There are 2 protein chains.
Amino acid sequence: MAYVTIRDVALRSGTSISTVSRALNNSGRISPATKAAIEQAARELGYIPDSRAKAMRSTKTSLVALLVPDIRNPYFADLAYAIQDTLFDAGYCTSIGTSSENGEKQDAYITSMLSQHVDGAIIVPRGGATPAMRAIVEKNVPMVFVDRHVSDMHEVPVVDSDPAPGLSQALNDLHDRGFTRVGYISGPILDSPTFQEREAAFRTIAGTLFREDGIFVESTSFGHVSCASVMRKMRSWGVQAVIFGYSQDAIQAISLMGSRGFVIGKDISLISFDDLEMFTLTTPRISVISQQVQKIGSLGAKLLLDRVEKRGRAESQRVKTLYIPRESVAAAL
Amino acid sequence: MAYVTIRDVALRSGTSISTVSRALNNSGRISPATKAAIEQAARELGYIPDSRAKAMRSTKTSLVALLVPDIRNPYFADLAYAIQDTLFDAGYCTSIGTSSENGEKQDAYITSMLSQHVDGAIIVPRGGATPAMRAIVEKNVPMVFVDRHVSDMHEVPVVDSDPAPGLSQALNDLHDRGFTRVGYISGPILDSPTFQEREAAFRTIAGTLFREDGIFVESTSFGHVSCASVMRKMRSWGVQAVIFGYSQDAIQAISLMGSRGFVIGKDISLISFDDLEMFTLTTPRISVISQQVQKIGSLGAKLLLDRVEKRGRAESQRVKTLYIPRESVAAAL
DNA sequence: CTGAAAGCGCTTACAG
DNA sequence: CTGAAAGCGCTTACAG
């Protein structure tokens, strides 16, 4: 059984190709009788229209490309799920690609999607603008950035979270509990306006609540070693509570502390960005600053749909971060 | 800047469409001079071949569909990553779809992939055979099942894990530590040969090590309530160590126990299937039976490639499960 | 209401 | 070595 084509359906229903097309797409007038006959023939044959051929004529693929750095990161998995869900309900298929925080692969994927003439692209950019990303813009393919943005592509709308509200709530909580020495670990800050902004927001807000000499900021790159040494530094400075701008760092830190007998919420208090399920499984459960990833995802998808379907001028949006206190933050010693 | 077509490249290089096609695909003889000119023209114009048009002629899309129940489940995220990685290196693009353990969505996705004439499909099936899955087989599109299988589709090869080795190691460990009352919680066993097999393997192996009246088996469906009540039952029966066949259940149980002050590794010992990162963050860390998901993924991908590229008759494969003991299993009280 | 024809962007025999 | 032509499976004016 090879693929059934529109021709087979026409033959079987004793009509022509054009009539079948019109009947199955509800376009133009057709007599109810022929329409019914055609639908039955299509059903009997198990006809599945070739979307490639369809798309070539109508320049509409109902396909959207989604690019995330790493699908194994639960934050991105949640994001991808929310986006795919929203898009699916609107009749679009989402193709999820992974760039592995790797520029080359990122561009290979984008190019491949472009060659399939996707109707739009949702991208969590990694690093700066790339050739393939510029190609998307040049070809006028609708695109939105989600979660992060790229500093030199201002024409692309972005849906991300505003770190200030959650950080403010978190820092106020620490302040209220009597902490005087707070630290911030900012993750892979290089090239990332998002992580830069988080750090800046921390500095600003902490500056209004704590003394200058009670505020400590460090950054990690990827990798275990660095995270361990940063934690050591924080400890040696007598930092009482530390906020992680990058949840993957927090995960490493928790694992490290567990293996060294450090007790979170006692030896040191801890807060991380991203409301991940695993942060509720640890003992104690980890306080988080939620980016409301679900909201970011659905907003991003809707924004793209607005562009694809050309309703209004959709603009960038920010979702408020939200502090969720749990037992990893205790009173100051 | 609309899309650049092969026609534009021909015009710019002063050649014909057919020559451009041959030059860019390295097929047939072309003089080095014209080839160079064409390549330059293509580069200057930023030509990206239309893969839809390409595929229509050559019946090769270099596209593979991957269907997983829920990408937010870290086990499937790992699986998807491994598969996508292997396929990417072989020159294939993977489109990841999520069925949300929902038959309708599963079929909608498959049909959509079929309409794009993917070169193959890798599926983690949910429930039994569906109409769309049968359509794949009928149309002779290469397909493999991964992680789970469907009882009534024997023609489809499957790569999954053999539960026996890991279970055997785990149960021997429990036995050696002096446990006499062991429990097994089997997850959503309905319609799932995989979960059924795990339970059967547990019964068989436990039967050789423990007394009949020291073996307890229960199953959960999805949802919190059920998991809590099952745990209660296990406790009331005096079960000393429990093995979870479904890691999502274990996650719930850990969370429940944490909120009730139960201490894992002391009040009860615990082992779960699936070597998830989060199981190393808990205190104590959770002993697991690893399915070696990475291996399953890459084997599954390779098996599909063998079918797609018609090398030999690729057959089903099993990966051995592996027991990784950690602190969630203590000595018997 | 329905059919024949053109054309979307490619590839692939077929001539030259 | 290179070009003109047919055709992949559709949709969409255009006639009838």
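Only heavy atoms go into these numbers, but all of them, side chains included; no hydrogens, no water, no symmetry mates. Residue numbering restarts at 1 for every chain, and letters A, B, ... go by the order of the sequence lines. All of these numbers come straight from a predicted model, not from anything done at the bench.
- In terms of position on DNA chain D, the residue among B:Gly14 and B:Ala53 whose nearest nucleotide sits closer to the 5' end is B:Gly14.
- At whole-Å resolution of the value, CG in A:Asp50 and C1' in D:dC8 are 8 Å apart.
- Between B:Tyr47 and C:dC10 there is a side-chain polar atom (N or O) within less than 4.0 angstrom of OP1 or OP2.
- Among the protein residues, B:Ser51 comes within range of no part of the nucleic acid, since none of its heavy atoms lies under 4.0 Å from any strand.
- Residues B:Val118 and B:Ser95 form no side-chain contact, since every pair of their non-hydrogen atoms from C-beta on lies 4.5 Å or further apart.
- OP1 or OP2 of C:dC8 has not a single side-chain nitrogen or oxygen of A:Ser58 nearer than 4.0 Å.
- Listed pair A:Ser16 / C:dG3 meets the phosphate criterion, a side-chain N or O lying under 4.0 Å from OP1 or OP2.
- In terms of phosphate contacts, B:Ser18 brings no side-chain nitrogen or oxygen within less than 4.0 Å of OP1 or OP2 of D:dT2.
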Secondary structure string for DNA chain D (Watson-Crick or G-U under 3.5 angstrom, | for other-strand pairs): |||.||||||||.|||
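- A:Thr59 comes within 4.0 angstrom of nothing in the nucleic acid, heavy atoms only.
- Taking atom CG of A:Asn25 as the reference point, atom P of D:dT12 lies 7 Å away to the nearest angstrom.
- Taking 4.0 angstrom as the limit, A:Ser21 places none of its side-chain polar atoms (N or O) nearer than this to OP1 or OP2 of D:dC10.
- Residue A:Ile48 contributes atom CD1, which lies 11 Å from atom P of D:dC10 at whole-angstrom precision.
- Remark: A:Thr19 is in phosphate contact with C:dG3, judged by side-chain N or O atoms under 4.0 Å from OP1 or OP2.
- In this structure, A:Arg7 atom CZ and D:dG7 atom C1' are separated by 12 Å, rounded to whole Å.
- Remark: side-chain polar atoms of B:His154 are paired, donor with acceptor, to backbone N or O of B:Ser151 under 3.5 angstrom.
- Closest to the A:Arg22 side chain, of the nucleotides D:dT2, D:dT11, D:dA13, is D:dA13.
- Between A:Asp70 and A:Arg126 no salt bridge is recorded (no basic side-chain N to carboxylate O distance below 4.0 Å).
- Proximity note for A:Lys54 (side chain, C-beta onward) versus C:dA13, C:dT11, D:dT11: the nearest is D:dT11.
- Of all heavy-atom pairs between A:Ser21 and A:Asn25, the closest is O-ND2, 2.7 Å.
- Between the P atom of D:dC14 and the CD1 atom of A:Ile17 lies a distance of 20 Å, rounded to the nearest Å.
- We find that CD1 of B:Ile30 is positioned 12 Å from P of D:dG3, with the value rounded to whole Å.
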Pair A:Gln116-B:Thr61, side-chain contact (heavy atoms from CB on, under 4.5 Å): steps then yes or no: CA-CA 10 Å; A:Gln116 318 222 21; B:Thr61 52; over 6 Å; no
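- Going from atom CD of A:Gln116 over to atom C1' of C:dC8 covers 16 Å, rounded to whole Å.
- In this structure, B:Gln294 places its CD atom where only 12 or fewer heavy-atom neighbours from other residues, nucleotides or ligands lie under 6.0 Å away.
- Residue B:Arg7 qualifies as open at atom CZ: its count of foreign heavy atoms under 6.0 Å is 12 or below.
- Per the geometry, CZ belonging to A:Arg52 stands 12 Å off C1' belonging to C:dC10, to the nearest Å.
- Closest to the side chain of A:Thr15, from the set C:dG3, C:dC10, D:dC10, is C:dG3.
- Checked against A:Leu304 for a side-chain contact (heavy atoms from CB on, under 4.5 Å), the options A:Leu66, A:Val144, A:Ile83, A:Leu299 give a single hit: A:Val144.
- No hydrogens or angles were tested; on distance alone, a donor-acceptor pair under 3.5 Å links the side chain of A:Arg57 to the base of C:dG7.
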